[in-house]
Peer 1: 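This structure is in structure tokens; I'll ask about it shortly.
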Amino acid sequence: MTYGHFSEDGREYIITRPDTPKPWINYLSNDRYCALCSQTGGGYSFFETAGYNRVTKEYPPLVVSTDRPGRYVYLRDRETGEYWGATWQPVCKDPTHFESRHGMGYTVVESGYSEIDSHITYFVPPRDDLEVWMVKLKNTGIKPRKLQAFVYVKWDLANYAFNLAEAAFSNLFNESSMEDGIMFVSSRFWNITSGSAGNPNARWDKLAFLTASFKLDGFDCFDEAFIGPYHSWGNPVAVERGSCSGTVGDGQDIAGALQHDFELGPGEETEFIVLLGVVRHKEDARSISRRYDSWGEADRALNEVKMYWNNYLSRTICKTPDPDFDLQVNVWNKYQAWITSRWARMDSYYIGGGSIVGHRDSWQDTLAILPNDIEWVRQRVVYLLEHQFPDGSTLHNWDPLTNIGVKTGHSDDPLWLVLGVIEYLKESGELVFLDEAVRYYDGGSETVRQHIVKAIAYVLDHMSDRGIPLMMAADWNDGLDHVGRQGRGESTMVAEHLAWMLREMATLLWFVGSDTLAQKYIEQRDKLIRDINEHLWDGDWYIRGTRDDGEAFGSARNINGRIYINAQSWAVLGQAAPRERAIRCMNSVEKHLDTEYGPALFLPAYREPDPKIGIITRFAPGAKENGAIFNHPVCWAVMAECLLGRGDRAYDIWKRSSFVNLGKRPDVYKVEPYVYCEYIHGPDSPTFGQGDFTWTTGTATWMWKVCVDWILGVRAELRGLLVDPCIPSSWDEFQITRRFRRATYEIHVVNPEHINQGVAEIEVDGERWASHLLPVFSDGKTHKVEVRMGAAHGAVETPEELAAQRIAE
Ligand code: GLC
């Protein structure tokens, strides 16, 4: 079965039937207002945070597959009484034609039923906090028609979790009013500071509004009046009957329903705009509705959205022999990484409307934004640093509105901060940033340099007697949450991450002249690497860690969870593995973890809950962190293979796990074929091959980074832009254009000998250049770089950065 395809220019995904195996959604969003919109107009909206500033309702993750409610327009024939949904949902009558197009920042749904064509464009303008629906209806028949349109949303104000759990009680606080054709709704209760319990004595400090540019022939604010008892979204009584009841007032379960009666002659068309948004004062809604209420004004705002995305997408562009690779890097993976950087893991169709900024996730999410919007990353870096403590530890996550957070003791958290700051410095070259003072979460401030030094110190202070970092609450893998609660379990991944960061810190400190500390880090790193290899090597791969009782897990001695991918890939990333072991452990990944959809996180999946390991063993076998193909680590496997120079293998892993490839079997994969999902159900699952938890995943940032930095091999280093491709040998050539600091680099690479890695010759602006590190230009101009790959790479010097990254042969 096919459900859709990419448009010719790749900028849209065109869905050709409404009943996709799961809702296939898009995120329509500026930095503040966010609307999740499926191919049939399903989904919900929120402002700034999904947990405390919810606007409209959906019922994920309870019933993802029903995808209800949404942004609906019911249409009704006033003569026959027949009615249907302009986006197919929620009435679901067979359309005469259907097409839904997800684009960058907008979604279009077109369909036909009973000789009436409808066309709706949904988007969120860049400057104001609302969503706009541009609705066009056309009579394609030969008879004049008397029709009605009912615009419908279900409000869900402010308190997402509370409203869900305490629906009847939360209704007591709802307010609704109609003023000059604008529906206003708010809540007298905002549980922002007290979770779901207690009375915070606060009202929501915002209002939501709904209005349409048509003549209003009726409305309902009470959901019960519109839908009717024992009816549902598929057959609301108001639509069945052909009239709303004009319900309005306080203390009810509220909906936004607006009725419009109209006539359409044969071939005649009509259009109207629906505006739905969040404001502080009613006056703001009035002025917003004046700004957007004509088709021309709405269209202008839609063009602004398109211009924003055209501009953003133009910033790093590649052209390779693989059009799927280009489509992902240039368009969809880049777009997904932007969405993830703004909204991860606060909300999705799969995550229950939290209000949380995750520390480790947010650092990683900056990585794919770096070359494309460095100003945004800079602000974000400062913001994230402000959630560190003076002892180097950090909050694990926090609510962005109240800034209240939790410190969980995850062992990896401080290391992501180090990685994020160093990557920012490499891209920006702004070394003075190291001397900038940044606040700590609980008071006081120190320089950025102190922030990163203390982060490292914190990890070095939390080691086992034999010199391996403790697992503590868990590491990157949240599911390993009872391995080290008693303070003895160890984490191989954190050890390898620390080895990597110690090297990065030493390189940075040498670069800025702090040789003594750099030297100390190198010594600590050497010792750590010795300890890793002495205690964590299992024969053919590295164990994943040890439990509080001293038992190894991720070992050949285990029946379940015998080999974990991260312990191998990070041994390479952190250069903790000598070359022979690096090759051997990555070969073990191929041998024991490979599946047709990419390598699994570990195998075999746990079959029985093991309280000495944690929640990972409680997930169903093959699901989530329990033996699924977790895409985020798949990226690190690609990177590790590039570090080993095995470009064919790296590309093969990327290709198999790429959404374009997985989307070719939509009835198995089920989820959106234009973005990465967090994981694919593993071989131990009855639904092997199905994607899950789409959109907001660390895969978005890492896969993009790995493709650009490691496969194409063009990456920022402190001293300049480095070129070191690791491509499939079948590629003859490729190009990449990228901004770096103040100039643009147009890089063309040829591969006449069909090798994976190795540069024989470089020319910059027509002149021979003797290093993999390209010159740093500050002239704002475009510079042409010609690179010839070749097995004899004598003519191009290997700079220290690259030498340090290569695992010695
Ligand atoms: C999810 C979490 C991330 C974690 C990963 C593995 O993606 O958001 O923080 O590292 O799962 O547990």
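We count residues from 1, following the sequence as given. For the numbers below, each heavy atom of this structure counts, side chains included, while hydrogens, waters and symmetry mates do not. In this text the structure is predicted, and so the values were computed from the model without any measurement. Order of listing sets the numbers, starting from 1, for every ligand and every atom in it.
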Peer 1: What protein heavy atom is closest to atom 11 (O) of ligand 1, reported as residue, atom name and distance in Å?
Peer 2: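 Result for atom 11 (O) of ligand 1: E625 OE2, 3.4 Å.
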
Peer 1: If we set the cut-off at 4.0 Å for heavy atoms, which region of D361 has an atom near ligand 1: side chain, backbone, both, or neither?
Peer 2: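 Under 4.0 Å from ligand 1, D361 contributes side-chain atoms alone.
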
Peer 1: Give a yes/no verdict on whether any heavy atom in F630 is under 4.0 Å from an atom of ligand 1.
Peer 2: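 The answer is yes, since F630 has a heavy atom less than 4.0 Å from ligand 1.
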
Peer 1: Are any of the N/O atoms in H632 less than 3.5 Å from those in ligand 1?
Peer 2: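 In this structure, H632 places no N or O atom under 3.5 Å from an N or O of ligand 1.
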
Peer 1: Could you walk me through whether H451 and Y440 pass the ring pair (Phe, Tyr, Trp, His ring centres under 6.0 Å) test, one step at a time?
Peer 2: CA-CA 9 Å; H451 277 260; Y440 285 111; 4.2 Å; yes

Peer 1: For the pair W476 and H410, evaluate ring pair (Phe, Tyr, Trp, His ring centres under 6.0 Å) and give the outcome as yes or no after the intermediate values.
Peer 2: CA-CA 8 Å; W476 169 87; H410 279 71; over 10 Å; no

Peer 1: Mind checking whether P683 and L603 have side chains closer than 4.5 Å, heavy atoms only?
Peer 2: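 Yes, at least one pair of side-chain atoms sits under 4.5 Å.
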
Peer 1: Within the structure provided, determine whether T697 and F693 are in side-chain contact (heavy-atom separation under 4.5 Å).
Peer 2: no

Peer 1: Looking only at distances, please establish whether an N/O atom of ligand 1 is found under 3.5 Å from an N/O atom of D478.
Peer 2: yes

Peer 1: To check your reading of the model: name the closest protein heavy atom to atom 7 (O) of ligand 1, its residue, and the distance in Å.
Peer 2: E678 OE2, 3.0 Å

Peer 1: Is the shortest side-chain N to carboxylate O distance from R488 to D548 below 4.0 Å?
Peer 2: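 Salt bridge absent between R488 and D548.
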
Peer 1: Is the gap between the ring centers of W416 and H359 under 6.0 Å?
Peer 2: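 No, ring centres 6.0 Å or more apart.
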
Peer 1: Do me a favour and list the nearest non-hydrogen protein atom to atom 4 (C) of ligand 1 with residue, atom name and distance?
Peer 2: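 Result for atom 4 (C) of ligand 1: W476 O, 3.3 Å.
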
